[in-house]
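Written below as C-alpha cells is the structure these notes are about.
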Amino acid sequence: MPKTSNKINSFILFGVLGDLSLRKLIPAWYYLEKDNLLDDSLKILGVGRQELSDSDIELKVKDALNTFVSSEYLESEIVSRLSRRFSYCKCDLSKADSYKDLSLKLIDWTKPMAYYLAISPGLFETVCDGLKGSNLITPDCRIVVEKPIGYDLDTSQEINEKLTRHFDESQIYRIDHYLGKETVQNLVTLRFANSLFSSQWNCKGIDYVEITAAESVGIEDRWGYFDGMGQLRDMVQSHLLQLLCLIAMEPPNRLDDQSIRSEKVKVLEALKPLDQGSISSNFVSAQYTDGEIDGEKKPGYTNEVGAKSDSETETFVAIKAEIQNWRWSGVPFYLRTGKRLASKTTQIVVHFKSDGHYAFDESKESLRGNILIISLHPTEGISLKVFTKPHGVNQHSTIRSDPMSLDFIKTQKLLNIPSGYQSLLMDILNGNQSLFLCREEVELAWKWCDEALDAFNDTNQELYYYKSGSNGPVESERLVLSDGHSWYEE
Ligand code: BG6
C-alpha cells in the first residue's frame, strides 16, 4: 500500500485562475507564508487555460491578495515571497498534449507532488488519465478534490471509482473546508478533553441540538452551478452533516484518520432516513424572494442575473434529523441553512436538559436547561449559558442566564478568522488525512440526502418562500415549535 506520510514540496494547482483559488486558496497560502509555516523549497505550479507567463502569474497572485486579503494584513515582502513560489503552465485539460507540456514543466521538480483539482468534477477523470499518461502519478503523490463529490450517490460513486482507478485511498484528499475551521477541530477537544461535557453528552443530558449555517450572500454569478444543486446538496450533504458527525460521534480510540473517520461513518449509518411518511413534518424547503439587507435592495433568486424565472431550486432548508443509536435516542438534531438571510451566522447550539429548578420562581428561564453555543461565524468561540442570581436584595428566588464565553480571536490573539484552508493545505503537504473525508462518508451522506429529496419530490411537498434579509420562512420556526423547541437567537 502506498505510503503518504512524507512531506511534499511540489504543489500543482489546477484551476489557479478560478474563483476558489483566487478567493480562498491563494489567501490561505498567504497566511501560511506570513506565519513562516512554508518550507523554503515549496513550489506551486498554477495550471490554467489562459496564455500566461511565470511573471504574469506572479502578478495574478498579487492581484488576488490585494483583492481578497484585507489591507491591514498585507505586507509587501510576504506578498512577493509567496508570489515568487508560483509558476504557470497553460493546459487545455481535455487535450493529451497538454499533459506532455505539464510533465516537461515539472521535469526538475521534487517528487512526490500534490495535485489539487480546483476544477469542475466533470474534468476529474480526464485529468487523472492525463497525469497517468504522462507518468506523473507516482506511488506517494496526492490528489486533492473539492466538494461537491458528485451530484447524488450515483455520480459520487462514479467519481470515486475514477479516482480509485489511479490512486489508493491513502492518496486521495477529499476536502470539506469546514473541517479545517479551528472551531470545528476544537469540537473534538471540547467533547473528549472535558469530562464536564463528556458525561452529559447523550440523550440523558441533551434535549436537542441545532446546527445553523445562515448566509447573507445570495447566489449571484454562481446561479448556473447552484441551480442544478440547491442548498441541500450544496451545504447539508457535506458541511452540515460533517458538523453533525463531530457532535454525535463516539469517542475515537485515537486521533488518527482511521479512528475518526470510522466513528463518523457510524453516525451517518445511524441517521434515520427521511421517507415519504416523515418528510412533510421533518423537512422545510424554501427560496428567497426580493428583499433588503442592510438597507440595500436584493433581488429574489429567480430575479438574479442569468436566472430562470420558473426555477424551483431551494435556497433554504430546515431539517429535523434523528440518529438511531443508544446515545442519541429521541434527541432531535435540527439543521438549518439558507442563502440571503439577515446575516451570516454559523453555529452549533446544544440545549442541555433542565433539572427543573423548582426552588426558584417558575420563570421562563428557570424551566430551561443550560445552552452551549459553539460559534464558527461571525466569531470563533464557545459560550456556555449558566444560571446565576441577579444582584439585588429582593432577588433571592429568581435566576438569570449569563454566558461564560471563550472568544478564540481575542484569547488567542488571532488576526482574523482562518478560512479553514490554511490547516487543510498544511495537512496535504504533511500527509495527514484526518480532516479529509473518506469515500464511505461521502457516499453515506449522499444516500441520506438522495432519500430525502426523493421523498420530497415523490410526495409533491411545497416549496416555501422567504424575503431576502429575513430569518427564513415561518415554516422553519414551525418545524422546531412542533416539538416545543425554538431556534436559538442571540
Ligand atoms: C461552499 C458552498 O462549500 O461553502 C457555498 O458551495 C457556501 O455555497 C460556502 O457559500 C460557505 O462557506 P463559509 O466558509 O463561508 O461558511
Side-chain angles (χ1 to χ4, degrees), residues 15 18-28 31 68-70 116-121 144-151 156 173-187 211-244 246 286-288 293 298 301 304 307 311 313-317 335-348 374-381 408-409 414 416-425 435-437 441-442 445-446 449 468 472:
D19 214 44
L20 175 68
S21 299
L22 300 177
R23 276 174 192 274
K24 302 280 187 186
L25 301 178
I26 293 174
Y31 287 114
F68 298 113
V69 175
S70 165
Y116 194 120
L117 308 191
I119 50 173
S120 152
V144 188
V145 288
E146 273 284 336
K147 78 150 262 293
I149 314 276
Y151 166 83
S156 92
Y173 288 66
R174 297 180 188 83
I175 285 205
D176 174 329
H177 74 275
Y178 269 45
L179 295 186
K181 292 179 190 263
E182 282 293 321
T183 308
V184 176
Q185 294 175 49
N186 226 326
L187 275 176
I211 303 178
T212 295
E215 300 181 82
S216 53
V217 289
I219 307 301
E220 291 129 16
D221 53 357
R222 294 170 73 222
W223 210 91
Y225 153 80
F226 186 87
D227 199 54
M229 296 294 279
Q231 194 72 354
L232 183 81
R233 293 185 171 100
D234 185 48
M235 289 294 290
V236 177
Q237 187 273 336
S238 200
H239 300 326
L240 271 71
L241 287 184
Q242 281 296 317
L243 296 181
L244 177 134
L246 291 172
Q287 190 185 80
Y288 64 82
I293 299 184
K298 299 286 181 190
Y301 178 70
E304 297 273 18
S311 170
T313 296
E314 86 285 355
T315 58
F316 177 100
V317 279
L335 315 179
R336 169 176 66 156
T337 178
K339 307 272 189 242
R340 202 78 102 207
L341 296 170
S343 59
K344 182 165 170 71
T345 308
T346 318
Q347 67 186 17
I348 299 164
I374 302 154
S375 177
L376 281 71
H377 200 95
T379 184
E380 292 219 38
F408 299 138
I409 308 295
L414 299 181
N416 66 337
I417 301 181
S419 68
Y421 280 101
Q422 280 105 294
S423 183
L424 298 174
L425 289 174
L435 297 180
F436 297 83
L437 312 188
E441 283 172 81
V442 175
W446 273 124
C449 290
S468 292

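For ligands, and for the atoms within them, numbers begin at 1 and follow the listed sequence. This one's a predicted model, so the numbers in the text were calculated from it and none came from an experiment. All values below come from the heavy atoms of this structure, side chains included, with hydrogens, waters and symmetry mates left out.
- Considering backbone and side-chain atoms alike, K344 places an N or O below 3.5 Å from some N or O of ligand 1.
- Taking a cut-off of under 4.0 Å to the non-hydrogen atoms of D234, the atoms of ligand 1 that pass are 2 (C), 5 (C), 6 (O), 8 (O).
- Ligand 1 has no nitrogen or oxygen under 3.5 angstrom from a nitrogen or oxygen of Y225.
- With atom 14 (O) of ligand 1 as the reference point, the heavy atom nearest to it among K181, H239, R222, Q231 is part of K181.
- In this structure a side-chain-to-backbone donor-acceptor pair under 3.5 Å is missing from R340 to S468.
- Of the polar atoms of H177, at least one N or O is found under 3.5 Å from an N or O of ligand 1, judged by distance alone.
- At a heavy-atom distance under 4.0 Å, no atom of H377 approaches ligand 1.
- A donor-acceptor pair under 3.5 Å links the side-chain atoms of T337 to the main chain of A213, judged by distance alone.
- If you number the atoms of ligand 1 from 1 as listed, the ones under 4.0 Å from a heavy atom of E215 come out as 7 (C), 10 (O), 11 (C).
- Using bins of under 30°, 30° to 60° and over 60° for the plane-to-plane angle, the ring pair Y178/H239 lands in the parallel bin.
- Relative ring orientation between H177 and Y421 is described as parallel, the plane-to-plane angle staying below 30° on a 0-90° scale split at 30° and 60°.
- With T313 contributing its side chain and D227 its backbone, the two residues share a donor-acceptor pair below 3.5 Å.
- Here the side chain of Q231 pairs no donor or acceptor atom with the backbone of V317 at under 3.5 angstrom.
- Atom CD of E304 and atom CD of E220 lie 5.5 Å apart (nearest 0.5 Å).
- Under 4.0 angstrom from ligand 1, the non-hydrogen atoms of Y178 all belong to its side chain.
- Of all atoms in ligand 1, numbered sequentially from 1 with element shown, those under 4.0 Å from a heavy atom of K339 are 5 (C), 7 (C), 8 (O), 10 (O).
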